[in-house]
Amino acid sequence: MIQVNDLHFAYGSNSHDTLKGLNFQVDTGEIFGFLGPSGAGKSTTQKILIGILKNYRGAVQVNGLDLHHLNSEFYESIGVAFETPNLYSKFTALENLEFFAQFYTNETRNPLELLAAVGLEDASETRVSDFSKGMKVRLNFCRSLLNNPKLLFLDEPTAGLDPVNLRKMEALILAEKARGNTICITTHDMHVADTLCDRVAFIVDGEVSLIDSPRDLKLQHGERFLEIEYRVGDSVQTKSISMEKLGTNDTFQNILNNHYVETIHSREASLEDVFVKTTGRLLQ
Amino acid sequence: MKTPVTALARGDLKLIVRDSTLVMAVFGPLAITILLFFLPSIEALILIKFGFDPGPFRLFIVSFLSLIPGMLFAMIYGFIVLDERDEEVIDFISITPLRKEGYLTYKLIMPMLLSAGFFLFIIYATSLVRLNPIHAMGIAIMVAIETAIGTLFLVAFSENKVEGLAFSKVLGIMYLAIPLVFFWNSSWHWISAFLPPFWIAKAFIHSQTSSIWIWGDLVLGTAVHLVILQYFLQVFLRKQ
Amino acid sequence: MRLLAAVAQDIRFQFRHGFYYAYLVLTVLYIITLRLLPESLVHPALTLILFTDICALGFFFIGAIVLLERGQNLPQSLFVTPLRLHEYLLAKIFSFLFLSIASAFLIMLGAFVGGQDLIWFIFGAIMSTLIYTLFGLVFAARARHVNDYFVKALGIGLLISLPIFAYLRLFDTPLFYVFPTRATLILLDVLNVDYSISEKLFSVVSLVIWFFILSGITYQRFDKHVRHPA
C-alpha cells in the first residue's frame, strides 16, 4: 500500500534534513504505527504521505501512485484525521460532515451512523464551538471515514479521550482493519501502539531505527523481571530481579528467607521500555 | 519597573512592531494629519476648478477626520483582543495577578490615550479651526471614551475576528451622526443623539460661536458616552 | 458539484458570521442617503458607494476569513479531500461576488437608479468586486494576524485608489490608466457621464488582464503558503 525508499526532507531553507533517509513499507490491511518523541519527524512523514509536503527527495508510492504525480483523484480513497481537530466551529456536527461529504464522487457513509458509532448521536445538531476536546476528536475521526477510505491516516487519534471513549475508538479502528482497510497511526502513546498496531516503526531524529510487531519487539528486547519490596528494620527496600532461574537466584532466596516481604510483582518489558532501550530516548 | 501592565505593554509593542501594525497605528492618523495640512490648498483647487467654495464645509471635514484616528485605534486594539481571545491568552491572563479586569483596563486605556493625543495634535498642529483649549480638552475626553466604546463594541458582541469585522462595519455607521448634525436642518437630527459622535459634532459647532450650549454638549455628551461604555463593559465581562 | 458545495458553504459561513446582517443595515442606509440626495448627486454618490464599499467588501473581509480558516487549520482538511485549489479560491470569490451584487442590486432598486449603459455598469461592478477580492487573497495568503493583513491591505488599498483623484477631476496622469481602479471608475461611472466606446472597451480589456494576472499570483501564493506550507 505504501512504499518509501530513501526519503529525505528539509523544511524551507533549513540546511539540515528533518528526515534523513527513511525506508519502510506498509502492507495492505495492516495497522502501522509511527512511534517517536515530538519533533522526531512523525508528522513530517505523514504530511509527505498525504501530499501536503511536496519537495521531498526519494521515492514515495502510495496506493500505487508516485506522489510526485499526485492529483485530486488520490484523495478519493484516503482519509485523514489531523491531530488538532479542524472543523467549522459555527456549524453543527452534522453540517460539518455533510459539507465534507459533498467533495467525494465515491459513495459516502451516512453521517448519522458515523456519529452514532462514536457516541455523538445526541450532539449531531450541536455547533462544534460547544464541543469538548474529546468530542471534537471523535467528530474529526468521523470525518476521516466519510469517503470509505482504503487508506486511513490518524494523527494521535486518542489524544484527549476518556477511558470509555478510548476503548470505543480502539474498537472502531480495529473495525476499519476488519473491512480490509490500511491504517497508519502516528502516536507517542505506547499503549495505543501496543494494543492496535500490527507493526510499529520507531522514529528518532528523522530516522527509522526499528520496524517490527510490538509482540516480537517485546520478546526480543524485553527482559522479564520481578520487583520485590521487603522490610529491613524500619525501612522498605526494593529490588528488581531477573525471572530467569528464580529458584537458584541467591539474592531472591536470601530476601525470601530472611526478610518480611511486602509485595512481589512481575514486570514484563513494555513497548516503552523497548523504545527507551533501543533508541536511548524517552518518548515524551 | 516590572509590573503586569508594563509586561503587557511590552508584549503589545512587540506584537505591533513585528506585524508592522505600528505602521498603520501611526501612519493612518499621520496621513490624516498630512491631508489636513493640505486642506487649504485642496479647497483653493476646488474653488478654481469648479467655481465652488468648500470653505463652509471645513468645520465638518475637520471634526469628521479628527475622529478617524480614534476609530482606527479602537479597531487595532479590538482586533488584538479578539486575536488573544482566539488564542486563549485571555483565559490565561485571568488567572494571573493582573486578572481580566486589569487586562481589559490596560487594553482600553492605551487606545484612549493614543486617540485623545492624536485628536489634540491634529487640532493644534493644523490650526484649521480655532478651539478654546478647555473646550478641546472636553472634546478630547469624549474622543477617548468613544475609542474605548469602539474597542468594547467589537470584543463584546463578536465571537471571533471575522464577526469582529462585520461589527466594525456597523461601528462605522456611528459616525453618520456627524453629517446628520451638520446638514440635516430639522430637529429630527436629534434622533441620532444616542450615537456618541453626535455630541462631538454639536460641541464643534457651538465652540465656534462661543455659545453657552457647549457646556451642555460637553456634560451631556460625556454622560452619554459613559452610559454606553458602562453597558458595553458589562456585556463584555459577562461574556468572558 | 464540488465547486457548488464550496460556494454554498462560504455563503453560509459569511451568513453565520453576520456579514449579511451588516450589509443589510448598510444597504438600507445607503438607499436612504441616495434618496435624500439632490438628483444631480445620486449617480456620482452611487459610483463612490460601490467603489469604496460594496465592491470593495471582499478586500476588507477576505483577510480575516482566510486567517480564521487558517487558524482553525481548515484549509488543511479541505486539501486532503478531492477539492481542488482553484475550486477553493473560486468559492471565496463567488461568495463575495454574490454578496456585492445582491447589495448593489438592492441599492439600485431602492434608489431607482438605472440607465442605458447598464450592461457596462454591471460588468464594472462585477469586475471591481473580483479584482478587490483577488487583491485581498494575494495579501491574505501570507498574513499572520488580522492587524498584519490590515496594514498591508490598507497600504495597497490606498495606493490602488489613487485614480479617485482623476475621478474627482482634481489631478490626472496617463499613469493612472495602468491601475485597475481607473478602469472600474470609468465603468461604474457610465450612468453619470458619457464615455466614448474606446474608453469603455479599454476598461474592459484592462480589467480582464488584471483579473488574469491577479488570479495567477493568488493561485501560486495559496499553493505555496496554504496548500503546501513548508
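Quantities reported herein were computed from a predicted structural model and do not represent experimental measurements. Every chain is numbered from 1 and lettered A, B, ... according to where its sequence line falls, protein lines coming before strand lines.
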Segment of B/Leu45 engaging chain C (4.5 angstrom heavy-atom cut-off): side chain

Other residues, nucleotides, ligands: >12 heavy atoms within 6.0 Å of C/Arg142 CZ: no

Greater than 12 external heavy atoms within 6.0 Å of C/Gln220's CD: no

C/Phe105, CZ atom: more than 12 neighbouring heavy atoms under 6.0 Å: no

Heavy atoms of other groups near B/Phe121 CZ, more than 12 under 6.0 Å: no

Pairwise distance CZ(C/Phe171) to CD1(B/Ile42) - rounded to 0.5 angstrom: 12.5 Å

Nearest-0.5 Å distance that lies between atom NE2 in C/His17 and atom CD in B/Glu159: 8.0 Å

Min side-chain heavy-atom separation B/Leu176-C/Leu29 under 4.5 Å: yes

Other residues, nucleotides, ligands: >12 heavy atoms within 6.0 Å of B/Phe157 CZ: yes

Heavy-atom contact with chain B under 4.5 Å, split by part of C/Tyr23: side chain

Proximal component of C/Ile65, with respect to chain B [non-hydrogen, under 4.5 Å]: both

B/Lys169 and C/Phe19, any side-chain heavy atoms less than 4.5 Å apart: no

Between CZ on residue B/Phe79 and OH on residue C/Tyr149, distance to nearest 0.5 Å: 11.5 Å

Chain B contact via C/Leu36 - which portion, at a heavy-atom distance below 4.5 Å: neither

Interface moiety of C/Arg169 toward chain B, non-hydrogen atoms closer than 4.5 Å: both

Shortest non-hydrogen contact between C/Ala64 and B/Val162, atoms and distance: O-CG2, 3.5 Å

Option that, when pairs with chain B are counted at under 4.5 Å, heavy atom only, ranks first among C/Leu57, C/Val25, C/Thr33, C/Asp53: C/Asp53

Chain C contact via B/Ser158 - side chain, backbone, both or neither, heavy atoms under 4.5 Å: neither

Nearest atoms (heavy-atom pairs only) where C/Ala22 meets B/Ala166: CB-O, 3.7 Å

